[in-house]
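Taking it in order: structure first as structure tokens, then the write-up.
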There are 2 protein chains.
Amino acid sequence: MQAVQSEPALNFCQACTVRNRSICADLDDQEICLLNAIGRRKTIAPGEQLLWEGDDAVLVANVIEGVLKLSTQTAEGKEQILGLAYPSDFLGRPFGQTTPYGVEALTETQVCIFQRADFDRFSREHPKLAHKLLERTLTELDRTRRWMLLLGRMNAEQKLASFLVETTERLAPANCSFVPSDGPQTIELPLSRQQIADVLGLTIETVSRQFTKMKNDGLIDVSGRREVTVLRPKELAERAS
Amino acid sequence: MQAVQSEPALNFCQACTVRNRSICADLDDQEICLLNAIGRRKTIAPGEQLLWEGDDAVLVANVIEGVLKLSTQTAEGKEQILGLAYPSDFLGRPFGQTTPYGVEALTETQVCIFQRADFDRFSREHPKLAHKLLERTLTELDRTRRWMLLLGRMNAEQKLASFLVETTERLAPANCSFVPSDGPQTIELPLSRQQIADVLGLTIETVSRQFTKMKNDGLIDVSGRREVTVLRPKELAERAS
DNA sequence: CGCTCGGTTGACACCAGTCAAACGATGTGG
DNA sequence: CCACATCGTTTGACTGGTGTCAACCGAGCG
């Protein structure tokens, strides 16, 4: 576990870009101040790990900027990505003993981290925060369950189409330009082909073939390795079934 | 939505068999009394539905006895079971708008139901309950994520083995006899072959073939349709990988 | 220039899905 | 009592999608 890149305890929260979307949203200025005192900002480079599977859960965090993956491995060493975390998402396992999955940054990422003990205490004393956390966890559970449908019942084409639709949606507010939702839209994928395969429960070859097929069908355009333009969002959504 | 089989408002909670395991565990007698006043017991027959996918979420519930399934469907009508609920588990979507999955009883089931509005209010006023609910939801999220690994990365044999291992574990305390965990153990499956297939993201034929294979390999014994004896728990756990 | 790395493409194998038939337990009506 | 239908399950034959293995491509870099 490496040293935390701490910064002086100024009130970062007031200028925080996810202030109104994260679990802190319902707290008043005074409470924010208290929370600010126990939290620290940290920047994580792509590929760097924030939490390790099986470790004691000593940290929790809010995602401020960037994308991270939560993943676990089978006994044979195959990876399965359990979920992706975007800005305003919450990371970690409060009130738990061990972290049940690894967390790794996919892009340049900024998080707001707390010692778990501090955070646990704070949330016990501030039901508003605990309540927000509960709502968020319930939402995350719903999203995860929808992902099960994808893994259990969809074929490769439907999986990739679903992935592109969801990624476009979740990345859109970051670009923030008001793009008509049925027109072409370009996104930069935060994941490599291998990582997409791990998310979808496929192999890299199958993912690659599906990309090529969609390109040939005129649904998408693939410029660089990470750059994808969705040409026909509606048809793509249809293929996601 | 049918009428609730309500009973006079005696204090059922005091005699509740899941009193110490459910989300009510941390409440004191006075709080239990208040909760008791807004809850109702209800018995559900196998096959009967408690919540409908897409409905307004008006009910939440604790499972007291029996097994239920949470499920959703693809556009093509294939079913995917998202999870199973056992005694002491919590059902429903507090603080949400619509129920994101259907809930149906698999066995004769007893639940303790609340109007969502009542429950939401109660949990806001009693942080102890909200906290238990949060812990439980976090645990459920972890369990669901482990299930994703099964759906995304395991083959049919590993899936069925995992299913039998988990079902044996979760059904064991109900039988309550102290069986040595490495000896033979008989359980009555709460699911049909088709439902097992829906849980594991397989077809009924594949499930059936895997049952036959495990029987021939001497790992299990299949007496009736629902009765399975695990002969070699350790080997079974190994196949679950 | 050659190396590495991520991605693409091809050939092939195999697991699980599909379709179809048969089985066995249960129930119904004559 | 038997004939027959029904339902969940099992078994068989075949297909096809996806995994596996391997070769190749193209960009970046020393």
Side-chain angles (χ1 to χ4, degrees), chain A residues 46-47 69 74 76-81 104 106-107 149-164 188-217 220-228 239 241, chain B residues 46-47 69 74 76-81 104 106-107 149-164 188-217 220-228 239 241:
Chain A
K69 66 168 191 188
T74 61
E76 299 117 50
K78 284 184 198 167
E79 186 167 20
Q80 172 68 50
I81 292 187
E104 180 187 318
L106 296 175
T107 64
L149 183 65
L150 177 144
L151 289 174
R153 290 296 183 205
M154 290 188 181
N155 60 30
E157 181 179 47
Q158 294 171 317
K159 283 179 178 179
L160 185 60
S162 299
F163 170 78
L164 289 174
E188 190 180 331
L189 296 174
L191 289 78
S192 70
R193 295 286 185 274
Q194 180 61 59
Q195 287 164 339
I196 295 173
D198 291 336
V199 169
L200 301 178
L202 297 170
T203 58
I204 183 173
E205 294 95 331
T206 302
V207 170
S208 180
R209 277 187 260 267
Q210 291 299 328
F211 264 111
T212 308
K213 183 153 163 284
M214 284 190 187
K215 197 170 65 178
N216 292 339
D217 293 355
I220 61 171
D221 199 32
V222 184
S223 339
R225 298 188 157 173
R226 295 293 183 111
E227 210 171 291
V228 176
R239 292 211 189 184
S241 176
Chain B
K69 65 168 191 188
T74 63
E76 300 117 51
K78 282 185 201 168
E79 186 169 19
Q80 172 68 49
I81 292 187
E104 181 188 318
L106 296 175
T107 64
L149 183 64
L150 177 145
L151 289 174
R153 289 295 183 208
M154 289 187 180
N155 61 28
E157 180 179 48
Q158 294 171 317
K159 283 180 178 179
L160 185 59
S162 300
F163 171 77
L164 289 174
E188 189 180 331
L189 297 173
L191 289 79
S192 71
R193 294 285 184 277
Q194 180 61 59
Q195 288 164 340
I196 295 173
D198 292 336
V199 169
L200 301 178
L202 297 171
T203 58
I204 184 173
E205 295 95 330
T206 302
V207 171
S208 181
R209 277 188 258 268
Q210 290 300 327
F211 263 111
T212 307
K213 182 153 164 283
M214 284 191 187
K215 197 171 64 178
N216 292 339
D217 292 356
I220 60 170
D221 198 30
V222 185
S223 339
R225 298 187 156 172
R226 296 294 183 108
E227 211 172 290
V228 176
R239 293 212 188 184
S241 178

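First the proteins, then the strands, lettered A, B, ... as listed; each starts at 1.
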Roughly, in whole Å, what's the span from NZ in B:Lys215 to C1' in D:dT9?
11 Å

A:Leu202 CG to C:dG7 P, in whole Å, measures 15 Å

Is the side chain of B:Gln80 donor-acceptor paired with the backbone N or O of B:Asp198 at a distance under 3.5 Å, no angle test?
yes

CG-CE distance between B:Asp221 and B:Met214, expressed to the nearest 0.5 angstrom:
13.5 Å

So, does B:Thr203 get its side chain near the phosphate of C:dG17, meaning an N or O under 4.0 Å from OP1 or OP2?
yes

Under 3.5 Å, is there an N or O donor on one side and an acceptor on the other linking the side chain of B:Glu205 and the base of C:dC19?
yes

Rounded distance in Å - CD (A:Gln194) to C1' (D:dT20)
14 Å

Regarding B:Gly201, tell me which of base, sugar-phosphate or nothing describes its non-hydrogen contacts under 4.0 Å with the strands shown.
sugar-phosphate

Quick one: which of A:Gln210, A:Arg239, A:Arg209 gives a side-chain hydrogen bond (donor to acceptor under 3.5 Å, both in side chains) with A:Glu157?
A:Arg239

Verify, without hydrogens or angle tests, whether B:Arg193 (side chain) and B:Arg225 (backbone) share a donor-acceptor contact under 3.5 angstrom.
yes

Identify which nucleotide among C:dG6, D:dT18, C:dG24 has an atom closest to any side-chain atom of B:Arg225, counting heavy atoms from C-beta outward.
C:dG24

Below the 4.0 Å mark, does D:dG19 have OP1 or OP2 next to a side-chain nitrogen or oxygen of A:Thr206?
yes

Using whole Å, report how far NZ of B:Lys213 lies from P of D:dT9.
21 Å

What's the CG-P distance between A:Asp198 and C:dG7, to the nearest Å?
12 Å

Flag, side chain of A:Ser162 to backbone of A:Gln158, donor-acceptor distance under 3.5 Å
yes

If I take atom CG in residue A:Leu200 and atom P in nucleotide D:dG19, what distance separates them, rounded to the nearest angstrom?
11 Å

Sorted by position of nearest nucleotide on DNA chain C, 5' first, the leading residue of B:Asn155 and A:Thr212 is A:Thr212

Separation of B:Arg209 atom CZ from C:dC15 atom C1', in whole Å?
11 Å

Under-4.0 Å side-chain N/O to phosphate OP1/OP2 contact, B:Arg193 with D:dT10
yes

Within the pair B:Ser208 and D:dT11, is there a side-chain N or O less than 4.0 Å away from OP1 or OP2?
no

Consider the side chain of A:Ile204, meaning its heavy atoms from C-beta on, and name the nucleotide among C:dG7, D:dT18, D:dT9 that approaches it most closely.
C:dG7

note: A:Arg153, atom CZ; C:dA16, atom C1'; distance rounded to Å ~ 12 Å

